[in-house]
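Let me begin by presenting the structure, written as structure tokens, before commenting on it.
Just so it is clear, the structure is predicted and the values come from calculations on it, not from any experiment. Computed from heavy atoms alone, side chains included, the values below leave out hydrogens, waters and symmetry copies. Reminder, nothing fancy here: chain letters follow the sequence lines and each chain counts from 1.
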There are 2 protein chains.
Amino acid sequence: MSLQPAYCYVYPHPAVTTDVVVFTIRGQRLEILMIRRRSEPFRGSWALPGGFVDIDEDLEACALRELAEETGVRGVYLEQLYTFGAPGRDPRERVISVAYYALTRSDRLQMRASSDAAEVAWFPVSALPPLAFDHAHMIGFAHRRLTAKLDYSTIAFQFMPETFTLGELQRVYEALLGEGLDKRNFRKRILALDRVEPTGGLRRNGSHRPARTYRLKDPGRVEIIR
Amino acid sequence: MSLQPAYCYVYPHPAVTTDVVVFTIRGQRLEILMIRRRSEPFRGSWALPGGFVDIDEDLEACALRELAEETGVRGVYLEQLYTFGAPGRDPRERVISVAYYALTRSDRLQMRASSDAAEVAWFPVSALPPLAFDHAHMIGFAHRRLTAKLDYSTIAFQFMPETFTLGELQRVYEALLGEGLDKRNFRKRILALDRVEPTGGLRRNGSHRPARTYRLKDPGRVEIIR
DNA sequence: TCAAAAGTGTTTGCTATACACCCATGA
DNA sequence: TCATGGGTGTATAGCAAACACTTTTGA
């Protein structure tokens, strides 16, 4: 049994999809969540998770649903990135894609393959495979936005687990910026934001002095600073 | 003769529109370009210029075309703002709207009514009429983005005509920020950007000392500063 | 006792702000 | 000559960057 076209309009309508660029930090590297496509077009290529918007579904809900269905990833910080709509970006029909980006804690990942995606994997931003559609372009866009937001928001905290040390936080910033930071200035700046508080606990991690652990005062909230 | 539905799909497709928030400065006030709708829904209401994306048309091209068709305004600085897609935001069918915002020189306006719009008019941001759809929401979004960008880009130069005085530029900034600025500090900061140069000419304008006129070194270019 | 990361203040340069008077013109 | 906006410099405070040593632990 094959589906017959059943939804008709006086004027042609484009299809609308969402795609999501999910960032995490793993092993001090910035990585992106990708799926391998099981169907045409670009069958076998790596692509961003995403898919068609249901006719009564909010755009952000669509992004979250596709992400969960295709990769099992949930509970991320999501923000709209940009809408890509160049004619010809999808060979099947006119497809306009509303791109989102997301940040997640590397300890929260519950990845699984699904019916839509043959495989799910993380790739370092610096070593991406060839990608389907204009997804490489989207990732470039998302990466620039992320690094820009580092400077004037508390977005980087979204990468952190429940409790963390200031050293761990600094290593996240260093991975994102691609450069080393001065420890004293970094700690001064972070504590001045008044967004983290000590848990009172210590973390023992190797043969050296244990580190105080901190938690976010208001997890999930991303503030614009300055 | 009425049109019969002629474009059919296996799955339902939303309609896609663009809407444009055009800002200008007139009489030291920030104003927005609006049209009065000639057709349902919201017939007779004020709305942003905009309309349906042609099936092979780029999104930005659509925004520029609708703007020109409905208002006669051309040659503006355009930037994508956000995509609004809540189900129910249009009572006819599911409509996803890619919103743009634009800045234009108040001396460049060639407004005219057209078949789609009964009337075209400027409204001060501080005194908008009731608006169709979620357009008031879009304008709030655009206004916040504009004022945020003032701080870290040269976007305000897009409001200026070919030649202008530093006093005129300062009045534009003051209208946008809603507060007075120190003249000396303002001129120091603007000149330090190295984006304007004196034309060598003077502008006589009332019974006081004439002002030097300036031009943009690179008109159209908007730079991120800091 | 050694290696390794945690933790801690001060100095310095730069940038943003506050602030007041003379100039050139037309009425 | 008066009213009006044009044009100019300096002093100060606050913020960002540079910089080195002691502490605590496990091996």
For [X] and [N], give me the distance from atom [atom1] to atom [atom2], rounded to whole Å.
{"X": "B/Y214", "N": "D/dG6", "atom1": "OH", "atom2": "P", "result": "12 Å"}
{"X": "B/F164", "N": "D/dG6", "atom1": "CZ", "atom2": "C1'", "result": "16 Å"}
{"X": "B/D151", "N": "C/dT15", "atom1": "CG", "atom2": "C1'", "result": "15 Å"}
{"X": "A/F186", "N": "C/dG7", "atom1": "CZ", "atom2": "C1'", "result": "14 Å"}
{"X": "B/I190", "N": "C/dT15", "atom1": "CD1", "atom2": "C1'", "result": "16 Å"}
{"X": "A/H208", "N": "C/dA5", "atom1": "NE2", "atom2": "P", "result": "6 Å"}
{"X": "B/L169", "N": "D/dG6", "atom1": "CG", "atom2": "P", "result": "12 Å"}
{"X": "A/D182", "N": "D/dC15", "atom1": "CG", "atom2": "P", "result": "18 Å"}

Need one value for A/R203: base, sugar-phosphate or nothing, where a base atom within 4.0 Å counts as base even if backbone is also close, heavy atoms only.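 Here A/R203 touches no strand at all.
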Please work out if A/N205 contacts a base, only the sugar-phosphate, or nothing of the nucleic acid, heavy-atom cut-off 4.0 Å.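 Here A/N205 touches no strand at all.
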Using a 6.0 Å cut-off, check whether atom CZ of B/R203 has over 12 heavy atoms from anything other than its own residue.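 Atom CZ in B/R203 is crowded, with more than 12 foreign heavy atoms closer than 6.0 Å.
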Regarding [X] and [Y], is there a side-chain donor-to-acceptor distance under 3.5 Å anywhere?
{"X": "A/T213", "Y": "A/T199", "result": "yes"}
{"X": "B/E79", "Y": "B/Y101", "result": "yes"}
{"X": "B/T154", "Y": "B/R195", "result": "yes"}

State whether [X] places a side-chain N or O below 4.0 Å from either non-bridging phosphate oxygen (OP1 or OP2) of [N].
{"X": "B/R212", "N": "D/dT8", "value": "yes"}
{"X": "A/R171", "N": "C/dA6", "value": "yes"}
{"X": "B/R187", "N": "D/dG5", "value": "no"}

Would you call B/R215 and B/E162 a salt bridge, using N to O less than 4.0 angstrom?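 Judged by the 4.0 Å cut-off on N to carboxylate O distance, B/R215 and B/E162 do not form a salt bridge.
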Got [X] and [Y] here, is their nearest side-chain heavy-atom distance under 4.5 Å?
{"X": "B/I96", "Y": "A/L59", "answer": "yes"}
{"X": "A/V125", "Y": "A/F23", "answer": "yes"}
{"X": "B/I32", "Y": "B/M34", "answer": "yes"}

Backbone N/O of B/T104 and side chain of B/T24: donor-acceptor pair under 3.5 Å: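 Confirmed, B/T24 side chain pairs with B/T104 backbone.
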Check the interface with nucleotides 21-23 of chain C: list each N/O to N/O pair with the protein under 3.5 Å, or write none.
unit_1 : atom_1 : unit_2 : atom_2 : d
C/dC23 : O4'    : B/R209 : NH1    : 3.2

So which one's nearest nucleotide on DNA chain D is more toward 5', A/L202 or B/T213?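 Final value for this comparison: B/T213.
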Closest-nucleotide 5' rank along DNA chain D - winner of A/G206 and B/L191: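 Upstream on the strand: B/L191.
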For the residue pair B/F141 and B/Y82, does the interplanar ring angle fall in the parallel (under 30°), tilted (30 to 60°) or perpendicular (over 60°) class?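 If you compare the ring of B/F141 with that of B/Y82, the planes turn out tilted.
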Considering only C/dG7, D/dG7, C/dT8, which nucleotide approaches the side chain of A/R184 most closely?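 Between C/dG7, D/dG7, C/dT8, the one nearest the side chain of A/R184 would be C/dT8.
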I'd like a list of close polar pairs between nucleotides 10-14 of chain C and the protein, N/O only, cut-off under 3.5 Å.
unit_1 : atom_1 : unit_2 : atom_2 : d
C/dT10 : O4     : A/K188 : NZ     : 3.0

